[in-house]
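Read the numbers this way: they start at 1 and go in the same order the structure lists the ligands and their atoms.
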Amino acid sequence: MKRILFPLAAAAFLALTALSAPADDGSANSNAPNLEERTVTLNNGAVMPTVGLGTALQSNEETAESVYVALKNGYRLLDTAGIYGNEVGVGQGLKRAIAEGIVKREDVFITTKLWPDHFNIESVDESLKRLDVEYVDLLLLHWPFGDNVQGYKVLEQALAEGKTRTIGLSNFSQETIEDLLKQFKTKPAVVQLETHIFNQQNEMREYLKKYGAFVMSWYPFGGRDNVKLVLENETVVKIAKAHNKSVAQVVLRWHLQSGFVVIPGASNPDYIKENIDIFDFELSEEEMAQIRALNQDKAFYDLRRGR
Ligand SMILES: NC(=O)c1ccc[n+]([C@@H]2O[C@H](COP(=O)([O-])OP(=O)(O)OC[C@H]3O[C@@H](n4cnc5c(N)ncnc54)[C@H](OP(=O)(O)O)[C@@H]3O)[C@@H](O)[C@H]2O)c1
């Protein structure tokens with residue numbers, strides 16, 4: 001299993017795509033996922049699936065297989081990043097699924113991210129080349145530790161040049177977003193944030209409503225090192241038993257019913273299938289409240305670990 005080492009310097013730091021004009025005032029977005037359609041409508045009118053495949057820490061070979069299995073099992077949203085080193089694998093998995101008639105390119109919503117020292121248009125072109133696609137559906141600035149103004153200009157340029165259909169941010173604070181947006185017309189459609197039962201991002205979710213932006217939850221299981229902490233929590237274990245679903249499925253369903261888009265990372269094919277099989281049950285208001293009560297605003301990701 002390939003581990004991606006995030007540079008310490010920087011640490012100092014889905015046929016569902018319909019696309020239209022750049023984002024403006026966010027009024028197009030009701031901020032409510034459509035659980036039946038399994039989509040959200042973004043603030044530029046684009047339609048994005050609510051559940052996607054996360055690919056962090058997977059090699060190109062693993063990613064190609066995971067992406068293929070995911071697409072075969074109904075996923076239409078894929079998450080990668082330049083720094084993951086696996087955009088080639090995403091492209092290969094996609095191409096295999098296209099060759100077998102499982103999907104067309106336009107059915108799949110691809111997200112990639114620019115690392116802080118790659119906030120330039122050449123890096124967008126390199127990502128497209130590695131993915132072997134003409135455009136991505138969502139381009140994010142990965143962390144706010146570069147020249148963020150330059151980075152956002154690159155996002156707008158990529159949008160204007162058709163290299164991405166939607167833009168957004170990742171791991172930016174409310175203050176940094178507010179400061180940045182004073183200078184730019186296009187609003188982010190999505191902000192990726194570490195979000196799970198112990199870190200529920202209530203403030204950010206409310207704040208982003210003013211831009212019609214969605215939170216895309218990364219680390220829904222707390223990340224590889226904390227899966228047990230999340231999936232063995234007695235509250236969610238009890239709820240899972242009551243629904244005859246797995247704890248992972250209950251956790252992911254909580255994300256959806258809370259208004260998040262979620263991108264669980266998985267390479268195990270059984271997990272990949274399990275993680276999208278979350279549309280045949282509903283958590284009651286009482287169960288949602290029990291899970292809400294687990295919030296500690298506790299993030300697991302530690303930048304000082306360097307990955
Ligand atoms: N924007 C950012 O800065 C950022 C940061 C981190 C992650 N991300 C994105 O978010 C995605 C999700 O985060 P993550 O992958 O790091 O962590 P995660 O989704 O919280 O957890 C992944 C771990 O959970 C396991 N798992 C998956 N499904 C399971 C199931 N049904 N039952 C039990 N275990 C299960 C996986 O096992 P197997 O691997 O063995 O299948 C893997 O060990 C990433 O893949 C990446 O695309 C973004």
E285 atom CD: more than 12 heavy-atom contacts under 6.0 Å: yes

Residues that N199 engages under side-chain hydrogen bond (donor to acceptor under 3.5 Å, both in side chains), provided they are two or more places apart: none

Where ligand 1 meets S267 - atom numbers and elements under 4.0 angstrom, heavy-atom basis: 38 (P), 39 (O), 40 (O), 41 (O)

Atoms of ligand 1 close to I263 [distance to a heavy atom under 4.0 angstrom, numbered from 1]: 9 (C), 10 (O), 11 (C), 12 (C)

Please could you name the atoms of ligand 1 that A266 approaches to less than 4.0 Å, counting only its heavy atoms? 27 (C), 41 (O)

Side chain, backbone, both or neither: which part of A248 has a heavy atom under 4.0 Å from ligand 1? side chain

Using only heavy-atom distances, determine whether the side chains of Q290 and T235 contain a donor-acceptor pair under 3.5 Å. no

At less than 4.0 angstrom from any non-hydrogen atom of T55, what atoms of ligand 1 do you find? 45 (O), 47 (O)

Sorted by chain and residue number, the side-chain hydrogen bond (donor to acceptor under 3.5 Å, both in side chains) partners of K72 (sequence neighbours excluded) come out as none

Salt-bridge contact E87-K113 (side-chain N to carboxylate O under 4.0 Å): no

Tell me the contacting part of N226 for ligand 1: side chain, backbone, both, or neither, using a 4.0 Å heavy-atom threshold, strictly below. neither

Checking heavy atoms under 4.0 Å, the part of L231 that sits near ligand 1 is side chain

Using 30° and 60° as the class limits, which term best fits the ring planes of F184 and Y152: parallel, tilted or perpendicular? tilted

Show the atoms of ligand 1 that are less than 4.0 angstrom away from any heavy atom in D79. 9 (C), 46 (C), 47 (O)

May I ask which of A56, G265, S66 has a heavy atom nearer to atom 22 (C) of ligand 1 than the others do? G265

With the threshold set at under 4.0 angstrom, would you say Y84 reaches ligand 1 through any of its heavy atoms? yes

Please determine whether any non-hydrogen atom of G223 lies less than 4.0 Å from an atom of ligand 1. yes

Using a strict cut-off of 4.0 Å, indicate which atoms of ligand 1 neighbour a heavy atom of P264. 19 (O)

Could you go through the side-chain hydrogen bond (donor to acceptor under 3.5 Å, both in side chains) check for S267 and Q58 one step at a time? CA-CA 8 Å; S267 54; Q58 294 186 32; 4.8 Å; no

Close approach, K113 and ligand 1, non-hydrogen under 4.0 angstrom: yes

Which ligand 1 atoms, with their elements, are less than 4.0 angstrom from a heavy-atom of N171? 1 (N), 2 (C), 3 (O)

Closest candidate by heavy atom, reference atom 30 (C) of ligand 1, pool Y301, Y271, F300: Y271

Are any of the N/O atoms in V227 less than 3.5 Å from those in ligand 1? no

Under 4.0 Å from any heavy atom of G54, which atoms of ligand 1 are there? 11 (C), 44 (C), 45 (O), 47 (O)

Between E206 and K209, does any side-chain N to carboxylate O distance fall below 4.0 Å? yes

side-chain hydrogen bond (donor to acceptor under 3.5 Å, both in side chains) between S59 and E62, worked out: CA-CA 5 Å; S59 67; E62 287 171 315; 3.3 Å; yes

Can a cation-pi geometry be assigned to R105 and Y135, taking NZ or CZ under 6.0 Å from the six-membered ring centre and within 45° of the ring axis? yes

Cationic N near anionic O, under 4.0 Å, E106 to R165: no

